[in-house]
Novice: 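Quick one: the structure is below, questions incoming.
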Amino acid sequence: MTPVPDSDQKHAVANLSNLYRIFTVQESPDTTLGKIDQEISQNLVGFLGNRIVATEKDLALIEQDFSSPQIPEQPTFVSDYTEFLMDTLVAQSVHTASPGFVGHMTTALPSFMLPLSRIMTALNQNLVKIETSKAFTPMERQVLGMLHALIYNNDDTYYQTWMHNADSALGAFCSGGTLANITALWVARNKLFPACEGFRGIAREGFHKALKHYNCEGVAVLISKRGHYSFGKAADVLGIGRDSIVAIPTDSDNKIDIDQLLSTIKQLKQQGIKILSLVGIAGTTETGNVDPLDRLADIAADEGCYLHVDAAWGGPTLFSSTNKQLLKGIERADSVTIDAHKQMYVPMGAGMVLFKNPASLASIEHHAEYILRKGSKDLGSHTLEGSRPGTAMLVHSALNIIGRKGYELLIDKGIATASNFADLIEASGDFELITRPELNLLTYRYVPKRIQQALKSVDTEKRASINSELNKLTKQIQKSQRASGISFVSRTRLTPTRYSGDTITVFRVVLANPLTTPEILTEILKEQKQIAIDDELTTEILARIEQLIAT
Ligand SMILES: *Cc1c(COP(=O)(O)O)cnc(C)c1O
């Protein structure tokens, strides 16, 4: 399908006066786009109905709608094109705002985000420099200051001194957690190999010469094995290599194992390998657990090494007076990543990295004559990205409209809902809770009571076989539930200590949408159980498990 009208309809014509129109004339309310625009504005939640996707359609079929590499020779009327979009794109997009969509960190937006995003788009500011952003630059600096204060909580004089200081920055705004983590390790790398007598610094001379000059065998980034894959990308682009990410085992609560960390540090030092950064996770992507940050800060202080905390997901827990102590020690980190497009309910494309020391970002500073002049307040001199949208405006809006107290309520509600859901899973008898939520994220799987009991008594070999069948069961239930289109949980693979060594597939639930009720969660469990009983594949798997138990 292509967005071309029927042959009997009028065609759009490419000429300059028509082109001027698309820059100057607004779509009127009675055009297709105008109507859709109103419908979305007035009824955001109802737009895609109660379904996760409008209709389940195979991806291969959807690809056929987007198969032509040809750039249309002739223009298309906006209305014709919009109809095409509605049928092929919008109808097949994912309804992340649905309260039954609890599988990922992407969730509902407050409705004010839509008109405010429109203002942002209309202004089309470029934050790379003041000449294309003016007031947006101090606003972004203020947003960074607010998040800095949330983490580091310095006094007013500190922020009056540093927030708008041309020679420093409290953080960098970027498109997301990945860019934030890359920026943090970039700073850590440049601080580890600074310029000195006879060496102009790693930023100029590169990794190879840095190792030689500093007489060092290599570098390591130490992070638990639950670390986000963005650190692998960071190591790759920073030229230190993915192998320099050293995954430390976790304890039974999916937190970094401190003894193993200490012995790894000892080994690395004996090999002449420098620690580029120790990384703590405040809310792992898969299980939502928080590393012992205070302990990590002690170790970083002992070793004199850089400490970064990846709080992309869990950072906003700091809004909650009751739950923020879970992140105790975060204020001792050299840098912290927070994603606003996750638990701050800002649209996609809003990440930040905050630095304890406002001089840190100087280690990655770049200047150019026509832009980013030295001494200017241009934000582009210390961001990885060049041209950047004014998304900080949406974070500023959310911080003001929702407020600290509003965020506190949202965070506390998510954590309470997750805890209640965990109780429900445990009480159900036919589900096994795999990770109890520390924040608002938990994992579980469907295991009928009889099989749960058998798992406790069978030998390790049989247990591994049963777990392997259960993995197929979990996968099939998850896929089938997604296909039926009412709710969505994701799945991941974990190696919990209780099954010493068996890797198991689990459902993963993230409870960030305030509209997700206990009733919806009860329904999700009901549907999963029903799929297990009704589905042809799952009944076969369950029969095979029964056989394993019986023999
Ligand atoms: C989501 C996430 C990231 C990556 O952030 P993006 O915005 O997807 O680039 C990094 N770390 C953690 C812990 C995350 O949850």
Side-chain angles (χ1 to χ4, degrees), residues 94 96 101-107 109 147 151 171-186 188 221-238 242 245 247-248 250 253-256 277-293 296 307-318 326-327 330 333 335-354 383-385 388-389 391-392 394-395 398 411 414-415 418 435 437-443 490 492 494 508-512:
V94 177
T96 58
F101 185 89
V102 292
H104 285 300
M105 294 172 167
T106 307
T107 183
L109 296 174
L147 272 297
I151 297 160
F173 200 97
C174 52
S175 68
T178 300
L179 266 286
N181 286 337
I182 292 174
T183 306
L185 291 196
W186 186 13
V221 173
L222 303 175
I223 182 169
S224 96
K225 66 174 191 190
R226 295 265 84 86
H228 191 265
Y229 58 81
S230 53
F231 289 98
K233 293 183 183 177
D236 190 350
V237 298
L238 291 172
R242 284 174 190 251
I245 304 288
I248 309 293
T250 47
D253 288 328
N254 288 290
K255 294 167 189 277
I256 193 165
S277 178
L278 180 57
V279 180
I281 312 165
T284 66
T285 315
E286 287 166 294
T287 61
N289 293 104
V290 183
D291 283 333
L293 302 178
L296 292 181
L307 174 65
H308 175 65
V309 171
D310 184 2
W313 168 249
T317 309
L318 294 168
L326 290 169
L327 272 55
I330 196 171
S335 53
V336 175
T337 287
I338 291 193
D339 256 342
H341 61 214
K342 289 178 177 169
Q343 295 211 83
M344 287 179 70
Y345 305 92
V346 167
M348 275 305 118
M352 279 163 281
V353 55
L354 291 312
T383 54
L384 181 52
E385 290 156 282
R388 246 174 353 94
T391 317
L394 301 179
V395 182
I411 293 291
I415 291 175
T435 53
E438 197 172 354
L439 302 177
N440 53 357
L441 209 163
L442 61 86
T443 64
S490 59
T492 189
L494 299 172
R508 169 174 167 271
V509 165
V510 186
L511 292 160

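Order of appearance sets the numbers: ligands from 1, and atoms from 1 within every ligand. Note that the structure is a prediction, hence the values are computed from the model and not measured.
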Novice: Compute the shortest N/O to N/O distance between S230 and ligand 1 and return yes if it is under 3.5 Å, no if not.
Specialist: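 So ligand 1 has no N or O lying under 3.5 Å from an N or O of S230.
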Novice: In the protein, what heavy atom is nearest to atom 9 (O) of ligand 1, and what distance, to one decimal place, separates them?
Specialist: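 Going by distance alone, atom 9 (O) of ligand 1 is nearest to T178 OG1, 2.6 Å.
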Novice: So do the side chains of I338 and M344 get within less than 4.5 Å of each other, counting heavy atoms only?
Specialist: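 Side-chain contact under 4.5 Å: yes.
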Novice: Report yes if some heavy atom in the side chain of F173 is under 4.5 Å from a heavy atom in the side chain of T383; otherwise report no.
Specialist: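 Sidechains of T383 and F173: no contact.
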Novice: Using a 3.5 Å cut-off on N or O atoms only, is T285 in polar contact with ligand 1?
Specialist: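 So ligand 1 has an N or O lying under 3.5 Å from an N or O of T285.
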Novice: Classify the contact between D339 and ligand 1 as side chain, backbone, both or neither, using a heavy-atom distance cut-off of under 4.0 Å.
Specialist: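 Just the side chain.
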Novice: Closest approach of N289 and K255, non-hydrogen atoms and distance?
Specialist: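 Scanning both residues completely, I find the closest heavy atoms to be CB-CG, 4.4 Å.
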Novice: List the atom of V353, the atom of H308, and the distance in Å for their closest heavy-atom pair.
Specialist: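 Minimum heavy-atom separation between V353 and H308: CG2-CE1, 4.3 Å.
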Novice: Does some non-hydrogen atom of G283 fall short of 4.0 Å from ligand 1?
Specialist: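 Contact check G283 vs ligand 1: positive.
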Novice: Closer than 4.0 Å to some heavy atom of M105 - which atoms of ligand 1 meet that?
Specialist: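 With M105 as reference, the close atoms of ligand 1 come out as 15 (O).
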Novice: Testing the basics here: between A350 and T391, what is the closest heavy-atom pair and its distance to 0.1 Å?
Specialist: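 For A350 versus T391, the nearest heavy atoms are CB-CG2, 3.8 Å.
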Novice: Nearest protein heavy-atom contact for atom 2 (C) of ligand 1: which residue, which atom, what distance?
Specialist: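 Minimum-distance protein heavy atom for atom 2 (C) of ligand 1 reads K342 NZ, 2.2 Å.
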Novice: For atom 6 (P) of ligand 1, what's the nearest protein heavy atom and its distance?
Specialist: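 Its nearest protein heavy-atom neighbour is G177 N, 3.4 Å.
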Novice: Should you measure from each heavy atom of H341, which atoms of ligand 1 turn up under 4.0 Å away?
Specialist: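 Under 4.0 Å from H341, ligand 1 has these atoms: 7 (O).
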Novice: Which residue and atom name correspond to the protein heavy atom nearest atom 11 (N) of ligand 1, and how close is it?
Specialist: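 For this ligand atom, the closest protein heavy atom is D310 OD2, 2.6 Å.
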Novice: Taking C-beta and beyond as the side chain, do T285 and W313 meet within less than 4.5 Å on heavy atoms?
Specialist: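 Contact flag for T285/W313 side chains = no.
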Novice: Do the side chains of T106 and M348 get nearer than 4.5 Å, heavy atoms only?
Specialist: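 M348 vs T106: side chains touch.
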Novice: If we only count heavy atoms from C-beta on, is the T183 to E385 side-chain gap below 4.5 Å?
Specialist: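 No; the side chains remain at least 4.5 Å from each other.
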Novice: So is T284 polar-close to ligand 1, meaning N/O to N/O under 3.5 Å?
Specialist: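 Between T284 and ligand 1, no N or O pair is found under 3.5 Å apart.
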Novice: Counting each atom of ligand 1 from 1 as listed, which ones have a heavy atom of W313 under 4.0 Å away?
Specialist: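 Result: 15 (O).
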Novice: Suppose I only count heavy atoms of A312 and a 4.0 Å limit; which atoms of ligand 1 are within that range?
Specialist: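 Heavy-atom distances to A312 below 4.0 Å select 2 (C), 3 (C), 10 (C), 11 (N), 12 (C), 14 (C).
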Novice: Under 4.5 Å between any side-chain heavy atoms of L384 and C174, yes or no?
Specialist: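 SC-SC contact between L384 and C174 ruled out.
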Novice: Based purely on interatomic distance, does G176 place a nitrogen or oxygen under 3.5 Å from a nitrogen or oxygen of ligand 1?
Specialist: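 Checking ligand 1 against G176, no N or O pair falls under 3.5 Å apart.
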Novice: Identify, for atom 4 (C) of ligand 1, the protein heavy atom at the shortest distance, and state residue, atom and that distance.
Specialist: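 Protein heavy atom with the smallest distance to atom 4 (C) of ligand 1: H228 CE1, 3.3 Å.
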Novice: Looking at every non-hydrogen atom in both residues, tell me the closest pair between A340 and M352 and how far apart they are.
Specialist: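 Distance-wise, the nearest heavy atoms are CB-CE, 3.9 Å.
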